[in-house]
Amino acid sequence: MQFDLIIIGGGPGGYVAAIRAASIGKKVALIEAADLGGTCLNRGCIPSKTMLKYAELIDGVKKASHWGIEINEMNLSLDKMIERKNSIVTQLKNGVQYLMDKNKIMIFKGTGTLSDDKSVEIEMEAGTQKIAAHQIIIATGSRPVVPKIKGIDQIQYHTTDTIFDMQEIPKSIAVIGGGVIGVEMASVFASLGSAVSIIELNDRIISAEDIDASIILEKALRKKGIKIFKNTEVTAFEDFNHTKKISCMENGEEKTIEVDAVLLAIGRQPNLSVLGSSSIKLKKNHIEVDKYLETSKKGIFAIGDVIGGLQLAHVASAEGLTAVANLEGKKKEMDYSVIPRCIYTQPQIASVGYTEETLKNKGLKYRVEKSEFSSNGKAITMGAAEGFAKLYVDPIYGEILGAVMAGENVTEMISQISSYMTLEGTIDELAEMIQPHPSLSETLMETANSLLGRGIHY
Ligand SMILES: Cc1cc2nc3c(=O)[nH]c(=O)nc-3n(C[C@H](O)[C@H](O)[C@H](O)COP(=O)(O)OP(=O)(O)OC[C@H]3O[C@@H](n4cnc5c(N)ncnc54)[C@H](O)[C@@H]3O)c2cc1C
């Protein structure tokens, strides 16, 4: 069977690319080994955000008792939580299926393996089938890394592939890795009542983000009762009467942590088996692409987690759209300058553009201003006064170079800054813009005015 375009992988990279390609008249085949929606919908963004909403509600109920709202007893049904998560996933997956049908995209349920002649062999339940196309997009995503640590095979552990279908809430859990996924899951389990430990190799959690964000989040997680071991390397696992013994080196000293459950959250590796015997080049274990997202084989593109970089769903989708534009020979470069990065803990962390570290490494001149939510009326009414907004601007033209925020709803607020950056807006324009009162967004206006030396409340 011959197509204009074959897409391998139906995650947010692949399915979005498929719809755009079909809408410009391409005859598209999409091969998906498991479920439409990929990691994001089935085992990532959506299940984790569903559970984080539970965490927020549980914490909200606890907070309410300090405000005089007494709820005598709070009971959580794990079954109902999992059922709700499943129904949300099903609803969204049906939505993707509907869009596939509407756009007449032919779906092959099976595992695809690529050949250099732009044909793909699909292993399906019913047997093997070979299809071919003029152009191909590889969007096979990634899977959790399972480290080769002594004893790992002897214990039962979770990854994000299994944790969202857990049968019971563990009394205690160690989350190995204090990156975005690690801190989000640690936050969920602490709210569900588990005793949580985060074990992090680095000297701080969420080490890719601004240091102030790490500090405020660490403080909030500790307040929730989470133990955080930094500069700590896991050296061995052992199962002892269903208790997991974790041997670590913390700042050079041996330590043992005993828990009921272990969640590995140390990173993700690309799904490369799709490459079969093809000669597509790799770079640092990911598929190498040029700025147009074309691989070393002309007419074969790659997008999403499988090419590395920022492993985010919206990045995968944006890359999908860029790759489709380039199928027509448009030579559209993928633009990574305004990518929001969000962590959905409490407080939430959101950033976009350059971090201070990158600005310094690049030798770029900048001015920075930070305002705390503690002077913001809306934040105080919400009991969410812990947090800040920090802006980096070009000292000559006032262009916004980056932002980081910590606090309630900042994962929505960050899009204001993304808009300014996309439209090359300046700090003067942000300072002039009237924000509603009372709102958390007033903090952005205040930060901008402070940068210009005319702040009112700061
Ligand atoms: C717990 C967790 C929380 C996350 N939260 C967020 C978040 O809040 N926001 C965010 O932006 N990102 C989040 N992410 C990251 C996000 O899920 C990924 O960046 C995104 O799913 C990558 O999209 P993709 O299309 O590249 O790959 P994937 O979503 O991984 O999809 C790839 C698909 O390809 C299929 N496949 C693989 N090999 C083959 C083959 N040979 N043949 C056929 N099919 C194949 C797989 O079955 C899969 O369905 C989270 C991830 C995790 C694990």
Side-chain angles (χ1 to χ4, degrees), residues 6-18 29-53 85 89 93 96 107-114 120-124 129 131 136-145 158-165 175 177 179-188 263-276 278 286-287 289 293 301-321 323 339-345 348-350 411 414:
I6 297 173
I7 297 176
I8 314 172
Y15 89 75
V16 166
L30 187 140
I31 307 168
E32 170 53 58
D35 291 293
L36 282 176
T39 305
C40 177
L41 207 166
N42 298 285
R43 314 172 280 284
C45 328
I46 298 300
S48 61
K49 267 77 250 178
T50 306
M51 291 197 180
L52 280 154
K53 186 66 196 173
K85 183 269 295 179
V89 169
K93 215 160 30 184
V96 177
I107 308 272
F108 291 86
K109 190 161 171 31
T111 304
T113 310
L114 191 65
V120 183
E121 194 166 277
I122 315 167
E123 235 178 90
M124 298 185 286
Q129 187 173 351
I131 60 175
I136 289 180
I137 296 177
I138 305 168
T140 49
S142 64
R143 62 186 188 281
V145 169
H158 280 289
T159 66
T160 49
D161 282 354
T162 57
I163 197 77
F164 299 113
D165 290 313
V175 178
V180 178
I181 293 173
V183 294
E184 285 190 352
M185 295 315 295
S187 202
V188 166
L263 170 64
L264 300 176
I266 61 159
R268 299 182 61 81
Q269 58 184 327
N271 292 323
L272 295 176
S273 62
V274 62
L275 297 181
S278 73
H286 290 85
I287 296 180
V289 289
L293 304 172
F301 294 77
I303 58 169
D305 282 12
V306 78
I307 63 168
L310 285 170
Q311 294 188 321
L312 292 168
H314 43 286
V315 174
S317 299
E319 288 170 344
L321 299 179
I339 307 275
R341 307 178 298 273
C342 295
I343 307 176
Y344 297 79
T345 42
Q348 297 181 344
I349 310 290
T411 54
I414 197 69

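All ligand and atom numbering here is 1-based and tracks the order in the structure. In this text the structure is predicted, and so the values were computed from the model without any measurement.
- The nearest non-hydrogen atom to atom 20 (C) of ligand 1, considering only Pro340, Gly9, Ser48, Pro12, comes from Pro12.
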Apply salt bridge (Lys or Arg N to Asp or Glu O under 4.0 Å) to the pair Asp161 and Arg143, showing each step before the final yes or no.
CA-CA 8 Å; Asp161 282 354; Arg143 62 186 188 281; over 6 Å; no

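- The closest heavy-atom contact to atom 21 (O) of ligand 1, among the options Ala17, Gly141, Gly37, Cys40, comes from Cys40.
- Arg43 has its side chain out of reach of Ile163: every pair of non-hydrogen atoms, C-beta onward, lies at least 4.5 Å apart.
- Among protein heavy atoms, atom 26 (O) of ligand 1 sits closest to Asp305 N, 2.9 Å.
- Of all atoms in ligand 1, listed by their number and element, those nearer than 4.0 Å to a heavy atom of Ser142 are 30 (O).
- With a heavy-atom cut-off of 4.0 Å, Ala139 touches ligand 1 through its backbone alone.
- Close approach to Tyr344 involves these atoms of ligand 1, each under 4.0 Å from a residue heavy atom: 8 (O).
- Using a 4.0 Å cut-off between heavy atoms, Ala33 contacts ligand 1 through both its backbone and its side chain.
- Interatomic distance, Thr160 OG1 to Arg268 CZ, rounded to the nearest 0.5 Å: 5.0 Å.
- Closest to atom 37 (C) of ligand 1, if we only count protein heavy atoms, is Thr140 O, 3.2 Å.
- Judged by the shortest distance from any of its heavy atoms, Cys342 lies outside the 4.0 Å radius around the atoms of ligand 1.
- Comparing Cys45, Gly44, Gly10 against atom 14 (N) of ligand 1, the shortest heavy-atom distance belongs to Cys45.
- The shortest side-chain heavy-atom distance between Leu293 and Ile307 falls under the 4.5 Å cut-off.
- Ligand 1 places these atoms under 4.0 Å from at least one heavy atom of Ile8: 40 (C), 42 (N), 43 (C).
- Heavy-atom proximity to Leu312, at under 4.0 Å, picks out these atoms of ligand 1: 10 (C), 11 (O), 12 (N), 19 (O).
- Gly112 N, 3.7 Å is the protein heavy atom nearest to atom 40 (C) of ligand 1.
- Proximity of Lys93 to Asp35: side-chain heavy atoms (C-beta onward) are separated by under 4.5 Å at one or more points.
- Distances shorter than 4.0 angstrom do not occur between any heavy atom of Leu36 and any atom of ligand 1.
- Side-chain contact check for Val274 versus Thr113: every heavy-atom pair is 4.5 Å or farther apart.
- The shortest side-chain heavy-atom distance between Ile31 and Ile131 falls under the 4.5 Å cut-off.
- In this structure, of Thr411, Ile181, Val306, Thr160, the residue bringing a heavy atom nearest to atom 52 (C) of ligand 1 is Ile181.
- Counting only heavy atoms of the protein, atom 11 (O) of ligand 1 lies nearest to Ala313 N, 2.8 Å.
- Atoms of ligand 1 lying under 4.0 Å from any heavy atom of Arg43, numbered from 1 in the order shown and given with element: 1 (C), 53 (C).
- Neither the backbone nor the side chain of Pro144 has a heavy atom within less than 4.0 Å of ligand 1.
- Evaluated for a side chain to side chain contact (heavy atoms under 4.5 Å, CB included) with Asp305, the options Cys40, Ser142, Pro270 yield exactly one hit, Ser142.
- Taken to the nearest 0.5 Å, the CD atom of Glu123 stands 6.0 Å off from the OG1 atom of Thr111.
- Atom numbering of ligand 1 starts at 1 in the shown order; those under 4.0 Å from a heavy atom of Gly38 are 29 (O), 31 (O), 48 (C), 49 (O).
- Separating the CZ atom in Arg341 from the CD1 atom in Ile349 is a distance of 11.5 Å, to the nearest 0.5 Å.
- Proximity of Glu184 to ligand 1, defined as any heavy-atom pair under 4.0 Å, is not found for any part of the residue.
- If you look at Lys49 next to ligand 1, the close heavy atoms, those under 4.0 Å, all belong to the side chain.
- For atom 31 (O) of ligand 1, the closest non-hydrogen atom on the protein side is Gly11 CA, 3.5 Å.
- The closest side-chain heavy-atom distance from Ile138 to Ile303 is not below 4.5 Å.
- Closest protein heavy atom to atom 25 (O) of ligand 1: Gly13 N, 2.9 Å.
- Side-chain contact between Ile8 and Leu114 is present, with at least one heavy-atom pair separated by less than 4.5 Å.
- Counting only heavy atoms of the protein, atom 29 (O) of ligand 1 lies nearest to Thr39 N, 2.9 Å.
- Every atom of ligand 1 is numbered from 1 in the order shown, and the set under 4.0 Å from a heavy atom of Gly304 is 26 (O).
- The closest side-chain heavy-atom distance from His314 to Glu319 is not below 4.5 Å.
- Note on ligand 1: Arg268 sits in its first shell, one or more heavy atoms being nearer than 4.0 Å.
- How far CG of Leu263 is from CE of Met185: 6.0 Å, rounded to the nearest 0.5 Å.
- Judged by the shortest distance from any of its heavy atoms, Tyr15 lies outside the 4.0 Å radius around the atoms of ligand 1.
- Atoms of ligand 1 found under 4.0 Å from any heavy atom of Gln311 (numbered from 1 in listed order, with element): 15 (C), 19 (O).
- In terms of protein heavy atoms, atom 46 (C) of ligand 1 is closest to Glu32 OE2, 3.4 Å.
- A donor-acceptor pair is defined here as one N or O able to donate and one able to accept, closer than 3.5 Å; no such pair exists between the side chain of Gln129 and the backbone of Ile122.
- The distance from atom CD1 of Ile287 to atom CG of Asn271, rounded to the nearest 0.5 Å, is 9.5 Å.
- One finds the CD atom of Gln348 at 10.5 Å from the OG atom of Ser187 (value rounded to the nearest 0.5 Å).
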